[in-house]
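Just below is one structure, and these are the notes that go with it.
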Amino acid sequence: MAKKNADRPDLDDKAFVQATSEARSRYGRFNLAIVGASGVGKSSLVNAVFGRDWAKVGRGLPVTRGVQFYSDDSLGIWDVEGFEIGSPVPPDQQLRNHLDAIAAHSGDHQISVVWYCVKANDDRLTPADIAMIRELDARGLPVILVLTKVDWIKNPLTGHQGVAKDVEAFVDWLNDPVDEAGARLRIPYRRVILTSTRDKHGKGKGHGLGDLVTETLALAPERDKDAFRIAQRLNLPWKREMARPIIATASAAAAGAATVPLPVSDALTLAPIQLTMMGRIAAIYDLEVKTMLSAGALAQFGVQVAGRALATSFLKLIPGAGVVVNAAVAGALTAATGESWMKICELLHTGKIDVRKLDQEWAKYAPSFMDVARKLVERRVGRK
Ligand SMILES: Nc1nc2c(ncn2[C@@H]2O[C@H](COP(=O)(O)OP(=O)(O)O)[C@@H](O)[C@H]2O)c(=O)[nH]1
Ligand SMILES: [Mg+2]
């Protein structure tokens with residue numbers, strides 16, 4: 001790789017940026033339709049599960065009366081306000097019109113899963129609800145019946161969390177719905193999930209949201225599952241599961257690039273491999289690359305990660321390691337870099353660190369991968 005001068009290696013962030021945008025377009029977008037009367041708690045749910053407060057910022061694109069579409073790279077939300085009371089158009093026809101309007105949009109706007117939201121203190125579904133759920137199902141859309149604003153009550157004797165009797169009765173009805181005459185009703189929602197986003201004092205983290213994301217993933221069409229894993233913010237293990245194969249691939253590629261041991265001065269050959277890996281992982285954590293770049297941290301960061309400075313200090317630390325980066329070192333270094341970067345991405349994603357402090361944070365993690373590589377070299381030296 002060409003160098004501008006000895007101290008400032010010609011390392012740029014193209015590989016990172018390109019890898020992120022390729023990964024984003026490969027994973028695509030998860031589109032959720034969230035249906036329910038105004039005030040049931042739709043925006044609060046979206047905010048709790050996806051960490052986006054769109055309703056407040058009002059970036060929504062009004063599609064037709066009663067339907068809004070909010071979107072970014074990984075997530076689209078069709079916010080559907082139930083039906084208009086007093087309209088001469090029956091509710092299921094209103095919904096049919098909404099769904100036709102949605103269907104007229106391009107493929108990357110199409111609905112994956114529907115959350116049909118009803119307040120837990122209602123006591124049954126209305127005929128309008130039932131007609132609308134049937135309409136959604138008839139279109140092949142998987143519907144989750146989400147009970148919102150469930151109050152969780154701690155039993156003073158057992159300490160168990162439970163719900164009020166009337167909510168329990170509603171859930172029983174939902175599990176086996178019957179009409180006024182006691183005849184069985186078929187209402188094609190696929191799951192019933194009890195949720196809250198806060199307690200009745202407006203505090204706490206909510207309830208049932210983990211179940212909601214698990215069941216949403218289960219019902220999502222296969223091709224949309226990864227996009228959902230990326231868009232949601234509650235389940236970090238899913239993201240780790242997606243990142244680990246990327247780390248393994250990059251480590252193998254780095255080892256492959258160093259089958260002929262690289263002089264230390266050429267260790268930067270590994271940089272594009274590592275930056276590509278990091279870019280892909282950033283996409284999984286749904287990190288705004290633009291924000292990261294504006295901090296100017298990334299290129300700097302790449303130098304620390306894969307650059308000569310590191311390779312040199314690393315080798316200085318280990319007398320007798322020689323002046324080459326061999327396949328095992330390259331592989332281990334890349335694997336450890338990937339793991340460290342994944343942790344940092346988690347911290348950025350969960351808002352535990354500020355993107356502007358990226359380089360400082362990295363310094364905290366860097367020794368852990370130095371240790372990995374050092375152990376590896378010690379083993380190799382020991383064996384001789
Ligand atoms: N007690 C309680 N209040 C909630 C809950 N979720 C939302 N709210 C409140 O209900 C109101 C309407 O919520 P919002 O999410 O805007 O409903 P939307 O109109 O369906 O989008 C707001 O004042 C929220 O603070 C919940 O789980 N429990
Ligand atoms: Mg709203």
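Counting convention: from 1, in listed order, for ligands and their atoms alike.
Taking 4.0 Å as the cut-off between side-chain N and carboxylate O, D72 and R29 do not count as a salt-bridged pair. A salt bridge does not link R190 to E215: none of the charged nitrogens lies less than 4.0 Å from a carboxylate oxygen. In summary, R229 and D226 engage in a salt bridge, as defined by a charged side-chain N under 4.0 Å from a carboxylate O. With respect to D100 and R139, a salt bridge is recorded, a charged nitrogen being found less than 4.0 Å from a carboxylate O.
Ligand 1 lies nowhere less than 4.0 angstrom from a heavy atom belonging to T148. Using a 4.0 angstrom heavy-atom cutoff, G36 does not count as in contact with ligand 1.
Backbone and side-chain nitrogen or oxygen atoms of T197 are examined, and one is located within less than 3.5 angstrom of a nitrogen or oxygen of ligand 1.
Remark: ligand 1 atoms within the under-4.0 Å shell around heavy atoms of S38 are 19 (O). For ligand 1 and S43, the ligand atoms under 4.0 Å from any heavy atom of the residue are 15 (O), 18 (P), 21 (O).
Inter-residue side-chain proximity for N47 and T197 is flagged as unmet; no heavy-atom pair is nearer than 4.5 Å.
Between the side chains of S74 and R52, at least one donor N or O lies within less than 3.5 Å of an accepting N or O.
Taking only non-hydrogen atoms, the option from S196, G206, C117, S44 nearest to atom 15 (O) of ligand 1 is S44.
With a cut-off of 2.8 Å, the Mg ion (ligand 2) has an N, O or S atom of S43 in range.
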